[in-house]
Amino acid sequence: SATGGVHCDAEPRWAALLAALPPAAGLTVCTTRRLDFSVLRGDGAVAVIDLVAMQKADALPGNGPPDNDPIDDIALPVGSRPFWIAIDNADRYAYVSDENTFGGKGKIHVIDVDPTSKDFHHLVTTIEVADAPTGLRELTLDEDGRRLYVTAPNRDLFAAPVADSSRILVVNIDGADRPTDPRVNSR
């Protein structure tokens, strides 16, 4: 693992660039096509990195004056503290875990990363999960992209436990396998 944070699916040719990221940046980087997406824990946002140009990319080009268009990040809801990011196998969605807890519940922010979509680089939904007394941390998708596994620790790093045990939560992200009533899910 590189010293600049945790990297998933990074191509070997980019390892030196990713390793050069500062450890204090709190970055998690996932590669999709020619872009990387990096959580900005202190800013409540996700940065887009263009690996061809080797620089930060504008997530929302054209939203400012032509001579002074800002380099935008992908904004998450106010109060968010993103921790980890995973991109689905089809390069359509990025799933971002939120380190904060919301009344004992956790949040997974879903960002559209499909460049052909009208919602490209926008937050499209937030998945709320129970049993996350200290928020959510690492997450990953199963091999077929139907389930999202996310960790919900029972304590912050050096704090006393606030629950009996930590958990690994499983979230069904397969649209073809959703129950008609989300309160009744036999799977």
Side-chain angles (χ1 to χ4, degrees), residues 5-9 24-30 32 37-48 59-60 72-114 117 119-187:
V6 179
H7 309 290
C8 58
D9 301 328
L27 301 175
T28 302
V29 180
C30 288
T32 177
F37 298 88
S38 188
V39 299
L40 302 174
R41 293 175 66 199
D43 294 336
V46 174
V48 180
L60 304 171
D72 299 292
D73 296 321
I74 301 169
L76 297 176
V78 174
S80 296
R81 186 171 169 86
F83 189 85
W84 206 271
I85 188 169
I87 311 284
D88 72 1
N89 299 345
D91 287 338
R92 290 181 27 219
Y93 297 106
Y95 297 89
V96 181
S97 63
D98 199 314
E99 186 176 10
N100 288 335
T101 186
F102 302 88
K105 296 181 179 179
K107 292 187 177 183
I108 302 165
H109 307 292
V110 184
I111 298 168
D112 187 323
V113 295
D114 178 358
S117 169
D119 293 319
F120 183 50
H121 286 168
H122 285 86
L123 177 73
V124 291
T125 193
T126 297
I127 301 168
E128 193 171 275
V129 296
D131 296 325
T134 60
L136 302 174
R137 301 299 186 275
E138 292 88 358
L139 51 80
T140 191
L141 289 116
D142 67 356
E143 191 171 291
D144 62 6
R146 297 176 58 201
R147 305 285 183 269
L148 182 68
Y149 297 90
V150 58
T151 58
N154 68 339
R155 71 171 97 200
D156 285 321
L157 192 57
F158 296 110
V162 297
D164 291 335
S165 61
S166 297
R167 300 188 186 309
I168 297 176
L169 306 174
V170 183
V171 179
N172 179 0
I173 58 170
D174 182 2
D177 189 33
R178 289 203 178 115
T180 53
D181 182 351
R183 296 169 297 171
V184 181
N185 188 356
S186 61
R187 298 170 218 247

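Bear in mind the structure is a predicted one, so any value in this text is a computation, not a measurement. Side-chain atoms are counted along with the backbone in the values below, which use heavy atoms only and exclude waters and symmetry mates.
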Enquirer: Checking Ile74 against Leu123 for the side chain to side chain contact (heavy atoms under 4.5 Å, CB included) test, could you report, in this order, the C-alpha distance in whole Å, the side-chain angles of both residues, the deciding distance, and whether it holds?
Expert: CA-CA 8 Å; Ile74 301 169; Leu123 177 73; 5.5 Å; no
Enquirer: Would you check if the side chain of Asp142 reaches a backbone N or O of Arg147 as a donor-acceptor pair within less than 3.5 Å?
Expert: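 Checked: pair present.
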Enquirer: Under the side chain to side chain contact (heavy atoms under 4.5 Å, CB included) criterion, do Glu99 and Ser97 qualify, and how do the steps go?
Expert: CA-CA 6 Å; Glu99 186 176 10; Ser97 63; over 6 Å; no
Enquirer: Is there a donor in the side chain of Ser166 and an acceptor in the side chain of Asn154, or the other way round, less than 3.5 Å apart?
Expert: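 Checked: Ser166/Asn154 side chains pair up, N/O donor to acceptor below 3.5 Å.
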Enquirer: Does any non-hydrogen side-chain atom of His122 lie less than 4.5 Å from one of Asp112?
Expert: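 Result no, sub-4.5 Å side-chain heavy-atom pair not found.
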Enquirer: Does His109 reach the side chain of Pro77, with side-chain heavy atoms less than 4.5 Å apart?
Expert: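 Answer yes - side chains close enough.
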Enquirer: Flag the pair Asn89 / Asp144 as yes when at least one side-chain heavy-atom distance between them is below 4.5 Å, and no otherwise.
Expert: no
Enquirer: Could you report the tightest heavy-atom contact between Ala45 and Ala75, atom names first, then the distance?
Expert: CB-CA, 4.5 Å
Enquirer: Got Asp98 and Thr126 here, is their nearest side-chain heavy-atom distance under 4.5 Å?
Expert: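 No. Closest side-chain heavy atoms not under 4.5 Å.
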Enquirer: Around atom CG of Asp164, are there more than 12 heavy atoms from other residues, nucleotides or ligands closer than 6.0 Å?
Expert: no
Enquirer: For a quick test of reading the model, state the closest non-hydrogen atom pair linking Leu40 to Pro82 and the distance between them.
Expert: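 Scanning both residues completely, I find the closest heavy atoms to be O-CG, 3.7 Å.
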Enquirer: I'd like to know if the side chain of Thr125 and the backbone of Val110 have a donor-acceptor N/O pair within less than 3.5 Å.
Expert: no
Enquirer: Do any N or O atoms from the side chain of Asp131 and from the backbone of Arg167 form a donor-acceptor pair under 3.5 angstrom?
Expert: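 No.
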Enquirer: Give the minimum heavy-atom separation between Ala59 and Val48, together with the two atoms involved.
Expert: CB-CG2, 3.9 Å
Enquirer: Between Val150 and Tyr95, is any pair of side-chain heavy atoms under 4.5 Å apart?
Expert: no
Enquirer: I'd like to know if the side chain of Ser117 and the backbone of Asp119 have a donor-acceptor N/O pair within less than 3.5 Å.
Expert: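 Such a contact is found between Ser117 side chain and Asp119 backbone.
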Enquirer: In terms of side-chain geometry, is the basic nitrogen of Asp156 or Arg137 positioned less than 4.0 Å from the acidic oxygen of its partner?
Expert: yes
